[in-house]
Amino acid sequence: MKKFKFNITHKCKDSKARCGIIETLHGNVETPIFMPVGTLATVKFLSPEEIKEIGSGIILSNTYHLWLRPGADIVEKAGGVQKFMNYNGPMLTDSGGFQVFSLSKHRKISEEGVTFRSHLNGDKLFLSPEKSISLQNQIGADIIMSFDECIPYPADYQYAKTSVERTLRWASRGLNAHRNPNQALFGIVQGGEYEDLREHCAKELVKMNFDGYSIGGTSVGEDKATMYKMIDFSIKHLPEDKPRYLMGVGAVNDLFEGVERGVDMFDCVLPTRIARHGTLMTGEGRINIKKATYKEDFTPLDTKCDCYTCKNFTKAYLNHLFRCNEGLGDRLCSIHNLRFLLNLMEGIRKAIKEDRFLEYKEEVYKTLKFDERGF
RNA sequence: GGAGAAGUAGCGAAGUGGCUAAACGCGGCUGACUGUAACUCAGCUCUCUACGAGUUCGGUGGUUCGAAUCCGCCCUUCUCCA
């Protein structure tokens with residue numbers, strides 16, 4: 001008996017947005033949800049208590065990275081990733097498929113799998129669908145991903161087609177290799193910017209009957225309009241009653257556009273990464289706290305934000321911490337950016353339940369001063 | 001009082017006749033970041049009427065076609081000895 005369940009609790013009347021609940025062994029999650037990324041079994045700079053405090057429902061970790069360090073066997077011996085990092089909430093692991101893209105200079109793809117050169121020490125590593133699933137079984141997250149190839153944009157049609165076919169074979173192999181019924185396994189729709197490939201990929205995955213479906217291959221350099229098309233091309237062939245996860249997306253307007261199209265889950269390094277680099281998401285748009293203008297600004301980052309950082313610290317102090325390269329700055333800014341997005345998702349869920357998602361979207365778009373990046 | 005050593009852009013520090021408006025680091029200023037090789041990366045940082053021009057290497061006077069680089073004098077700092 002699987003411990004994973006997804007129930008839709010409310011459907012938006014004038015868009016494809018919906019609210020739901022994902023049930024896992026480690027707790028329930030309300031959707032649509034934004035998942036903070038904790039690649040190495042840590043959301044960089046945040047303690048598990050802080051992750052909980054910002055209202056995170058589920059976090060993500062990475063197979064490739066944990067495989068390299070400390071090793072999936074060690075995570076398994078620790079009692080699984082949740083116990084290992086002392087985080088007792090729901091977790092998801094990515095398969096390493098994104099590293100096929102992001103470490104493209106260090107890998108070689110074959111039908112069997114992908115040979116990587118470790119980014120740490122140059123070791124030759126081999127990741128296959130079976131290996132990725134087996135590692136994820138060991139790591140023990142509640143939701144795991146198929147091993148896919150995330151292709152770049154733009155992609156040559158023939159290449160995208162060949163890649164999609166292979167990703168489909170990999171998905172099937174991964175499904176057969178999956179050994180832990182307590183872990184939900186998601187298939188990943190690829191196909192680049194091509195409608196027919198996305199359709200084909202989605203339909204074939206649905207035939208395999210995964211627990212949920214991810215939309216991959218987005219936010220790899222394409223423009224917004226293309227990304228939204230990729231979502232449309234994929235999502236319309238996915239079943240209503242399974243969760244849809246748009247991978248690697250976290251710019252504010254992308255979250256709205258995704259939800260409007262029926263996406264239930266998002267993850268993104270953006271809020272935490274830019275926080276560490278001094279960029280903050282606020283009601284006024286993105287600000288860079290390192291700028292000289294904040295040196296004597298003794299007001300909070302965002303007066304409307306209820307996060308620990310905004311309730312207790314000033315821009316001048318954050319500016320100071322960044323100038324001194326003090327880790328507390330990275331931490332406080334990460335807390336804020338994550339809370340900002342999670343707040344936004346709470347607002348989105350509430351609006352959907354009240355049948356006013358599109359109104360809410362319009363309100364937020366009016367209030368937040370979006371730039372062309374969508375913040 | 002005597003003997004040495006040194007003074008280079010905001011700071012530290014290379015450079016000892018032309019390829020030097022002057023390496024590099026820090027600091028400063030901007031920008032980027034979307035399933036994390038990311039507390040990272042990129043650009044700018046003498047002045048201006050700025051795809052060009054003008055003034056620089058403690059000061060000043062020389063040598064030379066040409067000087068941050070060689071010579072004289074002056075100023076300042078440091079170390080050691082009295």
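Below, each value reflects all heavy atoms present in this structure, side chains not excepted, and no hydrogens, waters or symmetry copies. Per chain, numbering begins at 1; letters A, B, ... match sequence-line order.
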A.B. asks: Round to a whole Å and report the spacing from CG of A/Asn325 to C1' of B/A38.
C.D. replies: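 My rounded result for the distance is 14 Å.
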
A.B. asks: For nucleotides B/G17 and B/U69, find the distance between their C1' atoms and express it as a whole number of Å.
C.D. replies: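 To the nearest whole Å, 6 Å.
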
A.B. asks: With a 3.5 Å cut-off and heavy atoms only, can you find an N or O donor on one side and an acceptor on the other between the side chain of A/Thr272 and the base of B/U36?
C.D. replies: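 Between B/U36 and A/Thr272, which were checked side chain against base, a qualifying N/O pair under 3.5 Å is present.
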
A.B. asks: Take atom P in B/U47 and the same atom in B/C39, then report the distance between them in whole Å.
C.D. replies: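 My reading of the P atoms in B/U47 and B/C39 gives 33 Å.
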
A.B. asks: Can you tell me how far C1' in B/G43 sits from the matching atom in B/U34, rounded to whole Å?
C.D. replies: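 It works out to 23 Å between them.
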
A.B. asks: A/Tyr365 and side chain to side chain contact (heavy atoms under 4.5 Å, CB included): which partner among A/Glu363, A/Glu362, A/Lys361?
C.D. replies: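 Testing A/Tyr365 for a side chain to side chain contact (heavy atoms under 4.5 Å, CB included) against A/Glu363, A/Glu362, A/Lys361 leaves exactly one candidate, A/Lys361.
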
A.B. asks: Would you kindly give the NE2-to-C1' distance between A/His320 and B/C39, to the nearest whole Å?
C.D. replies: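 It is 16 Å, rounded to the nearest whole Å.
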
A.B. asks: Can you tell me how far P of B/A38 sits from NZ of A/Lys44, to the nearest Å?
C.D. replies: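 Nearest whole value for this atom pair: 6 Å.
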
A.B. asks: Base, sugar-phosphate or nothing for A/Gln99? Non-hydrogen atoms, less than 4.0 Å.
C.D. replies: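 Here A/Gln99 touches the backbone only, sparing every base.
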
A.B. asks: Using a 4.0 Å heavy-atom cut-off, does A/Lys291 contact any base of the nucleic acid, only the sugar-phosphate backbone, or nothing at all?
C.D. replies: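 The residue A/Lys291 makes sugar-phosphate contact but no base contact.
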
A.B. asks: Just to be sure I understand the rule, does A/Glu222 reach a base, reach only the sugar-phosphate, or reach nothing, if contact means heavy atoms closer than 4.0 Å?
C.D. replies: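 Nothing, no heavy atom under 4.0 Å.
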
A.B. asks: Any side-chain N or O of A/Arg323 under 4.0 Å from OP1/OP2 of B/G28?
C.D. replies: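 Checking B/G28 against A/Arg323, a side-chain N or O does come within under 4.0 Å of OP1 or OP2.
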
A.B. asks: Mind checking the C1' distance from B/C48 to B/A21? Whole angstroms is fine.
C.D. replies: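 Here B/C48 and B/A21 have their C1' atoms 14 Å from each other.
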
A.B. asks: Give me the distance, rounded to whole Å, that separates B/C44 from B/A50 when you measure between the C1' atoms they each carry.
C.D. replies: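 Result for the C1' pair: 14 Å, nearest Å.
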
A.B. asks: Hey, which of these two, A/His277 or A/Thr293, hits RNA chain B nearer its 5' end, going by closest nucleotide?
C.D. replies: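 The residue whose closest nucleotide sits nearer the 5' end is A/Thr293.
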
A.B. asks: Now, which nucleotide makes the Watson-Crick or G-U wobble pair with B/U16, with each of the two distances under 3.5 Å?
C.D. replies: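 Paired with no nucleotide.
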
A.B. asks: Regarding A/Arg69, tell me which of base, sugar-phosphate or nothing describes its non-hydrogen contacts under 4.0 Å with the strands shown.
C.D. replies: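 It contacts nothing in the nucleic acid.
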
A.B. asks: The side chain of A/Arg276 lies closest to which of these nucleotides: B/U34, B/U36, B/C33?
C.D. replies: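 Of B/U34, B/U36, B/C33, B/U36 is nearest to the side chain of A/Arg276.
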
A.B. asks: If only side-chain N and O atoms of A/Arg273 are considered, is one of them under 4.0 Å from the OP1 or OP2 phosphate oxygen of B/U40?
C.D. replies: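 So the side chain of A/Arg273 is outside the cut-off, no N or O lying under 4.0 Å from OP1 or OP2 of B/U40.
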
A.B. asks: Could you tell me which nucleotide pairs with B/A21 by Watson-Crick or G-U wobble geometry, both distances under 3.5 Å, or answer none if nothing does?
C.D. replies: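 Checking every strand shown, B/A21 finds no partner, since no pair has both distances under 3.5 Å.
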
A.B. asks: With heavy atoms under 4.0 Å as the rule, sort A/Gly250 into base, sugar-phosphate or nothing.
C.D. replies: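 Base, at least one base atom sits under 4.0 Å.
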
A.B. asks: Indicate, yes or no, whether a donor-acceptor pair under 3.5 Å links the base of B/U34 to the side chain of A/Asp254.
C.D. replies: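 Yes.
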
A.B. asks: Below 30° counts as parallel, above 60° as perpendicular, anything between as tilted: where do the rings of A/Phe98 and A/Phe101 land?
C.D. replies: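 Plane angle between 30° and 60°, so tilted.
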
A.B. asks: In this structure, how many angstroms lie between the P atom of B/U34 and the CG atom of A/Leu270, rounded?
C.D. replies: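 Taking CG of A/Leu270 and P of B/U34, I get 7 Å after rounding.
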
A.B. asks: I'd like to know if A/Asn62 reaches the base of B/G35 with its side chain such that a donor and an acceptor end up less than 3.5 angstrom apart.
C.D. replies: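 In this structure, the two groups form no donor-acceptor pair.
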
A.B. asks: Checking side chain to side chain contact (heavy atoms under 4.5 Å, CB included) against A/Leu301, which of A/Leu332, A/Asn337, A/Leu318 comes through?
C.D. replies: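 The passing option is A/Leu318.
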
A.B. asks: So, taking the atom named CG in A/Leu60 and the one named CG in A/Asn62, what distance separates them when rounded to the nearest 0.5 Å?
C.D. replies: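 Atom-to-atom, A/Leu60:CG and A/Asn62:CG are 7.5 Å apart.
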
A.B. asks: Using a heavy-atom cut-off of under 4.0 Å over every strand shown, decide if A/Gly38 touches base, sugar-phosphate, or nothing.
C.D. replies: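 Nothing, no nucleic acid heavy atom in range.
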
A.B. asks: Which is true for A/Ser214 with a 4.0 Å heavy-atom rule: it touches a base, it touches only sugar-phosphate, or it touches nothing?
C.D. replies: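 No contact.
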
A.B. asks: Rounded to the nearest angstrom, tell me the gap between atom NZ in A/Lys295 and atom C1' in B/G27.
C.D. replies: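 Nearest whole value for this atom pair: 10 Å.
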
A.B. asks: Quantified in whole Å, what is the P atom distance between nucleotide B/C41 and nucleotide B/G25?
C.D. replies: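 12 Å, rounded to whole Å.
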
A.B. asks: If we call it a pair only when both distances are under 3.5 Å in a Watson-Crick or G-U wobble match, what pairs with B/U76?
C.D. replies: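 Pairing partner: B/A6.
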
A.B. asks: The side chain of A/Val249 lies closest to which of these nucleotides: B/C33, B/G35, B/U34?
C.D. replies: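 The closest nucleotide is B/U34.
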
A.B. asks: Mind checking who B/G31 pairs with, Watson-Crick or G-U wobble, both distances under 3.5 Å?
C.D. replies: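 Because both required distances fall under 3.5 Å, B/G31 counts as paired with B/C41.
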
A.B. asks: Can you classify the ring geometry of A/Phe116 versus A/Tyr64 as parallel (below 30°), tilted (30 to 60°) or perpendicular (above 60°)?
C.D. replies: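 It falls in the tilted class, 30° to 60°.
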
A.B. asks: Taking the same atom, C1', in B/C73 and in B/C11, what whole-Å distance lies between them?
C.D. replies: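 The same atom, C1', in both gives a distance of 31 Å.
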
A.B. asks: Anything under 30° is parallel, anything over 60° is perpendicular, the rest tilted; go ahead and classify A/Phe4 against A/Phe186.
C.D. replies: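 Correct class here is perpendicular.
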
A.B. asks: Could you check, using the six-membered ring where one of them is a Trp, whether A/Tyr213 and A/Tyr245 have ring centers closer than 6.0 angstrom?
C.D. replies: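 Centroid distance A/Tyr213-A/Tyr245: not below 6.0 Å, so no.
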
A.B. asks: Looking at every strand, decide which applies to A/Asp94 at a 4.0 Å heavy-atom threshold: base, sugar-phosphate, or nothing.
C.D. replies: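 Counting heavy atoms under 4.0 Å across all strands, the contact made by A/Asp94 includes a base.
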
A.B. asks: Can you tell me the Watson-Crick or wobble partner of B/U47, both distances under 3.5 angstrom?
C.D. replies: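 The answer is B/A53, by the H-bond criterion.
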
A.B. asks: Within the 4.0 Å heavy-atom criterion, would you say A/Ala292 contacts the bases, only the backbone, or no part of the nucleic acid?
C.D. replies: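 Sugar-phosphate only.
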
A.B. asks: Take atom CG of A/Asn288 and atom P of B/U30, then tell me their distance rounded to the nearest Å.
C.D. replies: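 Atom CG in A/Asn288 sits about 8 Å away from atom P in B/U30.
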
A.B. asks: Would you indicate what A/Ile188 reaches in the nucleic acid, counting non-hydrogen atoms under 4.0 angstrom: base, sugar-phosphate, or nothing?
C.D. replies: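 Result for A/Ile188 = base.
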
A.B. asks: From C-beta outward on A/Phe98, which listed nucleotide comes closest to its side chain: B/G35, B/U34, B/A32?
C.D. replies: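 My answer, after comparing the listed nucleotides, is B/G35.
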
A.B. asks: Once you round it to whole Å, what is the distance between P of B/U36 and CG of A/Leu46?
C.D. replies: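 Between P of B/U36 and CG of A/Leu46: 16 Å.
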
A.B. asks: Rounding to an integer number of angstrom, what distance separates B/C29 and B/G10 when you compare their C1' atoms?
C.D. replies: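 Those two atoms are separated by 13 Å.
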
A.B. asks: For the atom pair CZ (A/Arg349) and OG1 (A/Thr31), what is the distance rounded to the nearest 0.5 Å?
C.D. replies: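 That separation rounds to 8.0 Å.
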
A.B. asks: Taking atom P of B/U40 as reference, at what distance in whole Å does atom NZ of A/Lys290 sit?
C.D. replies: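 Value for this atom pair: 9 Å.
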
A.B. asks: Counting just side-chain N and O atoms, does A/Thr39 come under 4.0 Å of either OP1 or OP2 of B/U36?
C.D. replies: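 True: A/Thr39 side-chain N/O within range (under 4.0 Å) of B/U36 OP1/OP2.
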
